[in-house]
Chemist: 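Handing you this structure, nothing more for now.
Everything numeric in this text was worked out from a predicted model, so none of it was measured.
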Amino acid sequence: MDPLKDSARAIARDVNARTTSAAEVAEALIPHVERVDAQLGAYLELTPGLMRERARAVDARVAAGEQLPLAGVPVAIKDNMCLMGTRTTAGSKILETFVAPYTATAVQRLLDAGALPIGKTNLDEFAMGSSGENSALGLTRNPYDLDRVPGGSSAGSASAVGGFEATLSLGSDTGGSIREPAAFCNVVGFKPTYGRVSRYGLIAFASSLDQIGPFARSVEDAALVYDVIAGKDPLDATSVDREVEPAAGALREDLRGVRVGVVKEFGLGDLDAASRAVYEAAYADLVRLGAELVDVTLPTAEYGLATYYLIAPAECSSNLARFDGVRYGLRVDGADVGEMYERTRAAGFGPEVKRRILIGTYALSSGYYDAYYLKAQKARTRIAEDFARAFERCDVIVSPAASSPAFRFNAKSDPVTMYLMDYYTIPGSLAGLPSLSVPCGAALPEDGTRPMPMGLQMTTPLFTERALLGYAHAYERATMHAEKLTPIVILSPPPVIPSPTTVILSLSKDDQR
Amino acid sequence: MPTDRIDIRHVARLARLALTDDEIATFGPQLGSLMTHVDALAKLDTENVAATAQVVPSRNVQREDAIRPETILARDVVLQNAPQVQGPYFRVPRIIAEEG
């Protein structure tokens, strides 16, 4: 047993069988994470005290005869989700000192299922970003190349699982914030159907799009988390009251008879040659597994970005109005209450958040509503209709999860260039569809020295999570791409090599190509 | 490039956001460029298309008007995150001017 590398399923099985204890898992993880995170920066705050406390509680429950689906499994929580008694910052100076007075439903369900919280992970401020670089509180690195971004906005949650600092983590996805960093960090990232997972206790960004979902090192582990967190919550009126079919034990091993839609508008022509080869091989593997490739079209997909960059900022400008220096967070004094608001928000929000608040305020302002927000909501209907039409011809739609592998820090300084990273993930978000990214190989970036992981995005109709996870599982089991790469942050204690950078060593065969 | 298409100062006032001159100089062109990108939407035919209100089928839900104790926070817990308190209240700067 190695609690640093084992799957969630294996850890839970061993803890439930009492061949190991949650306490032992916690004691193995804590020093490891403290050491590795000095390099990765995945966490904003570690919670070893809470982890030990929960471990004792889990061991007591198991000793009393309970079997818990996530018994003793170390999890990391994106820091836009409340965990009572811990700082919950959303990666923003405006919430730097905020201590959550209650626990988010999704987080509570993980704890009730026996999971052990390691800490709160870094993110683009208020989940606004595609690289992780917009956090006001820390820098998170990619575990496969420390000079590259982990992706965003769930930067730390992806980096922690990819870098073996957590077995599982929770992220949130508004326009790709789980799927894109999952692709960059060689892990599975899964966004369920909008409304499947309660948003109670999630700091709101764009309420009609936000959805919580898991990161894991296998589809099976992602399914295990989904089974625990999905389902109606009386505390979130938008959570869907619809039966959740357990997915973890029902994942298929092949793709015989499955019609896989390849979207004309998501052609591989814009990718560089190395990335294109990865996806061409992935599509060929799907066929090898018995799938039939079907050409489908999403004629309105090209409007996805424009639609999203009206709707999401509009909702953000409304949601973030609550940060006014009165009830929580930062306050900067002013001569009167108006000046206090303006100074507080000026000092508390970073540039990307300000940009989006300004875009959203403009789009919603008097005289522009019909031309922008209303138009975008109509475009959103057309995008959803296109997906529905495509799903008459196929069972699952595949595409790249991102338009490139992880890039270097500061490589995309123009906001619109950064927004283009979400080209493939946004249309499915606008339609509320379940969607995931599964590792599908690696490509050597033109400016890189190590092959960087890439993700295959799979998207299915509303509420078909079990089928989606099944397709991804079949593909993953047949290809096992994630295991062909090793994170640059080594897993065992550093060997004795007389160099100050001994922990930065590569071990994988791929790395020596 | 319509860099001054958006009156940034006006929008910032609506958003209760104080901006520096540098920010105005940076955000102006950036927002102009984004809005130019967004203009492409005008080409999409949305005649007779209903605006999306909800992506998943849902209807209005009513619940019993009952207290949920698990959602109620004690006053001291709520005030603990406040930047300034006075007794059991949030303290804020003057809102109404004194009469001259």
Chemist: Can you say whether B:L31 sits under 4.5 Å from chain A via the side chain, the backbone, both, or neither, judging by heavy atoms?
Modeler: side chain

Chemist: Give the member of B:Q54, B:M35, B:E70, B:Q80 that has the highest number of heavy-atom pairs under 4.5 Å with chain A.
Modeler: B:M35

Chemist: Find the one option among B:T46, B:V78, B:T26 whose heavy-atom pairs under 4.5 Å with chain A are most numerous.
Modeler: B:T46

Chemist: Would you say that more than 12 heavy atoms from the other residues, nucleotides or ligands in this model lie under 6.0 Å from the CZ of B:R63, or not?
Modeler: yes

Chemist: Is it the backbone or the side chain of B:D45 that comes under 4.5 Å from a heavy atom of chain A, or both, or neither?
Modeler: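 For B:D45, heavy atoms of backbone and side chain both lie under 4.5 Å from chain A.
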
Chemist: Answer with side chain, backbone, both or neither: which region of B:A15 has an atom nearer than 4.5 Å to a non-hydrogen atom of chain A?
Modeler: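 Both backbone and side chain.
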
Chemist: So is A:R242 actually on top of A:F463's ring, under 6.0 Å and inside 45° of the axis?
Modeler: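 Judged by the rule (NZ or CZ under 6.0 Å from the ring centre, within 45° of its axis), A:R242 counts as positioned above A:F463.
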
Chemist: By a 4.5 Å heavy-atom criterion (distance strictly below it), what part of B:L41 contacts chain A: side chain, backbone, both, or neither?
Modeler: both

Chemist: Quick one: do the A:R199 and A:T238 side chains pair a donor with an acceptor below 3.5 Å?
Modeler: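 Looking only at side-chain atoms, A:T238 and A:R199 do form a donor-acceptor pair, the distance falling under 3.5 Å.
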
Chemist: Which region of B:L79, side chain (C-beta onward) or backbone (N, CA, C, O), has a non-hydrogen atom less than 4.5 Å from a non-hydrogen atom of chain A, or is it both or neither?
Modeler: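 Contact with chain A is absent: no heavy atom of B:L79 under 4.5 Å.
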
Chemist: Please flag which part of B:A42 lies under 4.5 Å from any non-hydrogen atom of chain A: side chain, backbone, both or neither.
Modeler: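 The answer is the backbone of B:A42.
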
Chemist: Among B:L14, B:L19, B:V56, B:V77, which residue has the highest count of heavy-atom pairs closer than 4.5 Å to chain A?
Modeler: B:V56

Chemist: Can you check whether A:L462's main-chain N or O pairs, donor with acceptor, with A:T193's side chain at less than 3.5 Å?
Modeler: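 Checked: no pair found.
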
Chemist: Name the member of B:V85, B:I8, B:L73 that forms the most heavy-atom pairs with chain A at distances under 4.5 Å.
Modeler: B:L73

